[in-house]
Amino acid sequence: MGYVLSAVARVLEQPTAWGAACEMALLAGPLWAAALVGLLLGWAWRPRWAAGIVAPADPPQLASLDFWRAQLPARIRAPLDYLAGARQQQEDDDEASLHGSSEMGKEELAVGKDDLVNLWRLVEGNDGGPAWIKMMEKALPNMTYQAWRRDPQNGPPQYQSSTIFENATPDEVRDFFGDDEFRMSNKWDDMLISHQTLEECQTTGTMKVHWVRKFPFFCSDREYIIARRIWKLGSAYYCVTKGVPCSSIPRRSKPRRVDSYYSSWCIRAVESRRGNGGSSACEILLFHHEDMGIPNEIAKIGIRQGMWGCVKRIEPGLRAYQKARAAGEPPSPSALMARINTKVGDNFVRGLESNSDQSDIMEAEEKPVKNRMARFLVLGGAVALACTLDQGLLTKALIFGVARKFVGQRNAL
């Protein structure tokens, strides 16, 4: 208080107005500094209820472009608003074309547009991978089948197949492959032991399922945590199916979990092989690879020997499925989920085609193994596998039989 009184006295003692103003500035300076410090301290220690009153959750952006545009006269603002609206509509259309739906732009689903791009490049043959080597070509009266294989530098062998069914539509084949309940009840896929739906999205049709599959004699059962989703590009369906992590299902020693799994296909109508000129046939392009936990050379032998036996059961299963639908049997929950697809616009495909590089498929039969060391590796792998498995003498005998047959075929070549 004494400091304030003395400062006021000095102001009154000044003979000129300028001197009085300077003294008043000296007096007000400390007061303003104290007020500013108090304001800062009070703001830093304000209670939460006061923060909500003083500072709203979404403060207005007064310096934004929309704010300044709103200050213009109506006759000038109208053309600007029209141009801005047209530009926003174009951006929304482009986003919908690229992503198929608004869900894909902001989704955190297990299967996204990058997976679609990868499958599209596989179908078009421009994924940049090694060339495909033809393995086999088989036919039934109403089905033709071709298969290829390639060996990437890293990872398990990859397989591609083309299956053409006569008198089938893409919608029927889509529902057929997505119907887990019919897959088990009809047993056209006799390797599937059990299935369970873990998650599903009614907007995009994305599903996460748990499969347990029976493996041949020398392997234990395998379990899969699979995510799958279907897109529609024009009249074709692109279905991505891949292995994903899942913390809700703990790992067990048996069945053994397969983490690296990819099995995706493109379903599209094609011209009938009977030459009637109509698109009454349906082609399924399948791309598959998985790390089954066994040596790659032994896995390739087993897959080659059992591939056609598994494939030829699909055609009777499809015909039974068509009859069941024609008889009015309702679709299963998994088949209904397969009908929820994400539509993709033409801009998506045009953008991919502008960056595509074609790579040819090698139309040659698989080359025989000329190196004698490869035969010893196969036999050594069979011996090691038989010694590590505790499945009885019959299993070991079958393993040695397959290996001996393989080496004998190579020697004959």
Side-chain angles (χ1 to χ4, degrees), residues 100-101 103 109-111 115-116 119 142-143 161 163 165-214 221-232 235-244 246 248-249 255 258 261-269 282-286 288 290 310-343:
S101 70
E103 292 291 332
L109 298 173
V111 185
D115 298 297
L116 170 62
L119 176 56
N142 291 310
M143 185 187 80
S161 66
T163 309
F165 296 106
E166 299 289 342
N167 302 321
T169 65
D171 289 355
E172 291 174 338
V173 176
R174 176 204 62 196
D175 294 352
F176 170 69
F177 279 104
D179 196 328
D180 291 341
E181 289 80 1
F182 187 83
R183 185 186 290 258
M184 285 197 62
S185 62
N186 181 264
K187 295 192 179 301
W188 66 265
D189 182 2
D190 60 353
M191 293 180 64
L192 184 62
I193 300 175
S194 65
H195 70 91
Q196 177 187 3
T197 300
L198 303 178
E199 298 176 13
E200 60 183 28
C201 175
Q202 295 292 335
T203 303
T204 63
T206 304
M207 295 182 66
K208 183 184 289 187
V209 297
H210 176 233
W211 276 8
V212 177
R213 296 178 66 83
K214 177 180 62 177
D221 297 339
R222 297 293 194 266
E223 71 168 354
Y224 302 78
I225 308 298
I226 299 173
R228 60 191 183 197
R229 179 178 179 182
I230 302 177
W231 286 266
K232 186 174 184 181
S235 59
Y237 294 102
Y238 286 71
C239 178
V240 174
T241 304
K242 66 177 186 178
V244 294
C246 181
S248 61
I249 299 180
V258 176
Y261 176 84
Y262 184 85
S263 186
S264 301
W265 57 84
C266 172
I267 304 174
R268 58 192 179 186
C282 180
E283 180 185 29
I284 301 92
L285 284 174
L286 173 67
H288 181 96
E290 62 179 287
C310 294
V311 171
K312 66 182 181 181
R313 288 198 297 269
I314 300 178
E315 200 268 341
L318 175 62
R319 304 310 173 188
Y321 192 77
Q322 289 176 321
K323 291 180 180 179
R325 297 287 84 80
E329 292 187 12
S332 67
S334 57
L336 291 176
M337 287 298 298
R339 297 179 181 181
I340 304 176
N341 313 140
T342 305
K343 294 181 175 59

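We use all heavy atoms of the structure for the numbers below, so side chains are in, but hydrogens, waters and symmetry mates are not.
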First locate atom [atom1] of [X], then atom [atom2] of [Y], and finally report the distance between them rounded to the nearest 0.5 Å.
X: Arg213; Y: Arg222; atom1: CZ; atom2: CZ; value: 12.0 Å
X: Cys282; Y: Arg268; atom1: SG; atom2: CZ; value: 10.0 Å
X: Glu166; Y: Met143; atom1: CD; atom2: CE; value: 11.0 Å
X: Ile249; Y: Lys208; atom1: CD1; atom2: NZ; value: 9.0 Å
X: Leu318; Y: Phe176; atom1: CG; atom2: CZ; value: 5.0 Å
X: Lys214; Y: Ser194; atom1: NZ; atom2: OG; value: 12.5 Å

Of all residues at least two apart in sequence or in a different chain, which pass the side chain to side chain donor-acceptor pair (under 3.5 Å) check with [X]?
X: Arg174; answer: Tyr237, Asn341
X: Asn167; answer: none
X: Asn186; answer: none

Residues in side chain to side chain contact (heavy atoms under 4.5 Å, CB included) with [X], at least two apart?
X: Ile340; value: Gln202, Met337
X: Ser235; value: none
X: Glu181; value: Asp179, His195, Ser332, Pro333, Ser334
X: Ala324; value: Glu329

Taking salt bridge (charged side-chain N to carboxylate O under 4.0 Å, His left out) as the definition, give me every residue that meets it alongside [X], ordered by chain and number, with sequence neighbours left out.
X: Glu315; result: Arg319
X: Glu290; result: none
X: Asp221; result: none

What do the steps show when you test Leu116 against Thr342 for side-chain contact (heavy atoms from CB on, under 4.5 Å), and what is the final call? CA-CA 11 Å; Leu116 170 62; Thr342 305; over 6 Å; no
Take Tyr238 and Leu285 through the side-chain contact (heavy atoms from CB on, under 4.5 Å) test and state the conclusion after the steps. CA-CA 10 Å; Tyr238 286 71; Leu285 284 174; over 6 Å; no
Evaluate the ring planes of Phe182 and Tyr321, with Trp represented by its six-membered ring, and classify them as parallel (under 30°), tilted (30 to 60°) or perpendicular (over 60°). perpendicular
Considering only heavy atoms from C-beta outward, does the side chain of [X] approach that of [Y] to under 4.5 Å?
X: Cys246; Y: Leu198; value: yes
X: Phe177; Y: Arg183; value: yes
X: Ile314; Y: Thr163; value: no
X: Leu286; Y: Ser263; value: yes

Search all heavy atoms of Ile193 against all heavy atoms of Met184 and return the closest pair with its distance. O-CE, 2.9 Å
What pair of heavy atoms forms the shortest contact from Ala269 to Pro170, and how long is it? N-CG, 3.6 Å
Test log, rule salt bridge (Lys or Arg N to Asp or Glu O under 4.0 Å), inputs Arg325 and Asp171: CA-CA 12 Å; Arg325 297 287 84 80; Asp171 289 355; over 6 Å; no
With sequence neighbours excluded, tell me which residues meet ring-ring contact (aromatic ring centres under 6.0 Å, His included) with His288. Tyr261
Results of ring-ring contact (aromatic ring centres under 6.0 Å, His included) for Phe165 - residues two or more places apart only: none
For Val111, the option from Val240, Thr241, Ile226, Thr204 that meets side chain to side chain contact (heavy atoms under 4.5 Å, CB included): Val240
Between the main-chain N or O of Ala110 and the side-chain N or O of Lys242, is there a donor-acceptor pair closer than 3.5 Å? yes
